[in-house]
Amino acid sequence: MPIKLLMPALSPTMEAGTLAKWLVEEGDSVSAGDLLAEIETDKAVMEFEAVDEGTIARILVPEGTENVAVNSAIAILAEDDEQISDAVLDDITALRRSESDPDPQTSLRAGPGTDERARGDASAARDRPRTDTQPAAGEIGAGRIIASPLARKLAKARGIDLASVTGTGHHGRIIKRDIEGFTQQPDKVVAKPAAPDARARPAEPLGLAAREDMLAAYRDRPHNEFGLDGMKKTVAARLTEAKQTIPHFYLRRKVLIDRLLELRSDINSGLEHRGIRVSVNDFIIKACADSLQDMPECNAIWAGDRIVRFDASDVAVAVAVEGGLFTPVIRDCETMRLSAISETMKDLAERARDRKLAPEEYAGGSCTISNLGMFGVDSFDAVINPPHSFILAIGAGRRSPVITSDDSFATATVMEVTMSVDHRTIDGAVGARFLEVFTGYLENPATLLV
């Protein structure tokens, strides 16, 4: 019996991915554990392994295909010594195409020997009067509704009729967010849109007309256009969600870091023979972790209908990579020495730039640190990375005039910190106390060593 190889879910939030590269060809024999393909998720390129033995009978999705839905068939595996007829493979291929394209004519074109039937049915479709019983955008054929397996499971659990849901996925496919955002209206009859005429052009993507109007002003200017990869799309979506749904407020402090710089210099000099070199950012990560232990109210996330607080300090750190950024998480940071934080951060940053991080390495945590001081930025306001409750934006240390405790003038190295806070989770006074504790650790850095 042929085995369908399905698009895997390689991260908790993955709904679709790009089949970047096939590592096998049709006719190749594979064993459990063999690498089959490279899948590009929203954050990384990951390898897809075989779990069964057999022969690759047919590849259904060519490499380079974007937006391949999770759990959709991408290839057919024949078990050892199994002979699968071309007719069976063609039927499976046609079904796969029909599931990814709600145009009934697409599935007719898929099978062998059906070209004449397809042309005849297409002609009949043009002459047939349109009725209210024709399939809707999320359906295919005789009332078949196109929905992801997860969407079907959620709809069944919530008692939602899929016929009443408008799909927003590829070609009208009903996906998880459609079910989660659906409001049941039992007393209201929802009219389904009529199927598009066979001669009609496909519906334009949302916002295309506005985009074309905007670009019209630049048509006579030389320019290049660049498509968005999975990472850029995800970053754009998450940050838009953050600014639209999270009530941000901002707290600012100036931190005197001369004592920190002196201690860092002493540590690096004393441990140079061991190859250990800590950075200012390592002190900042440790100070944040210890502050979360002192202020557990801030070590939390907003979870829709509740606040979830954590025992351990898991701190995410923004790492710039080509085309976007990662936020790898250092777990149990409050238990780690500065040298361990330094080594862990270097490893995570290096693998982030190579896009080699596993999904669990950039998921979790209750807060983020974003340090642009090394780029000469004095201060900035960062956007919260949901579901985190705050993000610390770190600026550069600058020599500046300050007033000392005896009201005299002096110069000191001043670093500006801006804390962007989710007001649903953390109140203003609580956030201010956290920033005060955080500042205290950095201005008295020896307390981070005990």
Side-chain angles (χ1 to χ4, degrees), residues 2-22 36-51 56 58-77 89 91-107 109-110 135-141 143-158 160 162-163 165-182 202-203 205-206 227-238 241 359:
I3 300 172
K4 292 183 182 180
L5 300 181
L6 306 180
M7 184 69 167
L10 299 176
S11 71
T13 59
M14 179 177 170
E15 293 184 352
T18 297
L19 207 160
K21 182 180 181 181
W22 278 108
L36 301 180
E38 293 181 352
I39 308 294
E40 182 181 340
T41 69
D42 52 359
K43 289 286 189 177
V45 176
M46 305 188 68
E47 295 169 333
F48 174 38
E49 297 183 356
V51 296
I56 301 297
R58 178 161 296 183
I59 290 176
L60 303 177
V61 178
E63 62 182 37
T65 303
E66 299 180 352
N67 295 320
V68 181
V70 167
N71 291 329
S72 62
I74 59 176
I76 301 299
L77 182 71
L89 290 174
D91 286 344
I92 296 174
T93 303
L95 178 60
R96 197 271 164 198
R97 289 176 179 171
S98 73
E99 289 176 343
S100 62
D101 187 344
D103 181 0
Q105 303 309 317
T106 301
S107 59
R109 289 192 298 268
E139 300 179 1
I140 212 169
R144 187 170 184 271
I145 297 174
I146 301 303
S148 70
L150 179 57
R152 290 183 182 276
K153 182 177 180 181
L154 289 175
K156 183 177 181 181
R158 301 182 184 188
I160 296 175
L162 287 174
V165 181
T166 300
T168 62
H170 187 58
H171 289 303
R173 182 185 181 92
I174 298 172
I175 56 180
K176 175 184 175 183
R177 66 167 176 260
D178 301 323
I179 302 300
E180 292 180 335
F182 179 76
L206 183 64
L228 303 180
D229 61 12
M231 174 180 290
K232 204 67 175 178
K233 290 177 182 177
T234 299
V235 170
R238 287 176 63 81
E241 173 195 354

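Everything numeric here is computed off the predicted structure, so don't read it as measured data.
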Ile59: partners by side chain to side chain contact (heavy atoms under 4.5 Å, CB included), with sequence neighbours left out: Trp22, Glu26, Ile56
Evaluation steps, side chain to side chain contact (heavy atoms under 4.5 Å, CB included), between Leu36 and Glu49: CA-CA 6 Å; Leu36 301 180; Glu49 297 183 356; over 6 Å; no
Just verifying a value: how many Å separate Ile174 CD1 and Ile179 CD1, rounded to the nearest 0.5 Å? 6.0 Å
Nearest heavy-atom contact between Ala73 and Leu60 is CB-CD1, 3.8 Å
Any non-hydrogen side-chain atom of Pro359 less than 4.5 Å from a side-chain atom of Met46? yes
What distance separates Lys21 NZ from Glu47 CD, expressed to the nearest 0.5 Å? 10.5 Å
How far does CD of Glu63 sit from CD1 of Ile39, to the nearest 0.5 angstrom? 11.0 Å
How many angstroms lie between atom OG1 of Thr65 and atom CD1 of Ile74, to the nearest 0.5 angstrom? 10.0 Å
Contacts of type side chain to side chain contact (heavy atoms under 4.5 Å, CB included), residue Lys233, not counting sequence neighbours: Glu66, Asn67, Leu228
Can you tell me how far the CG atom of Asn71 sits from the CE atom of Met7, to the nearest 0.5 Å? 10.0 Å
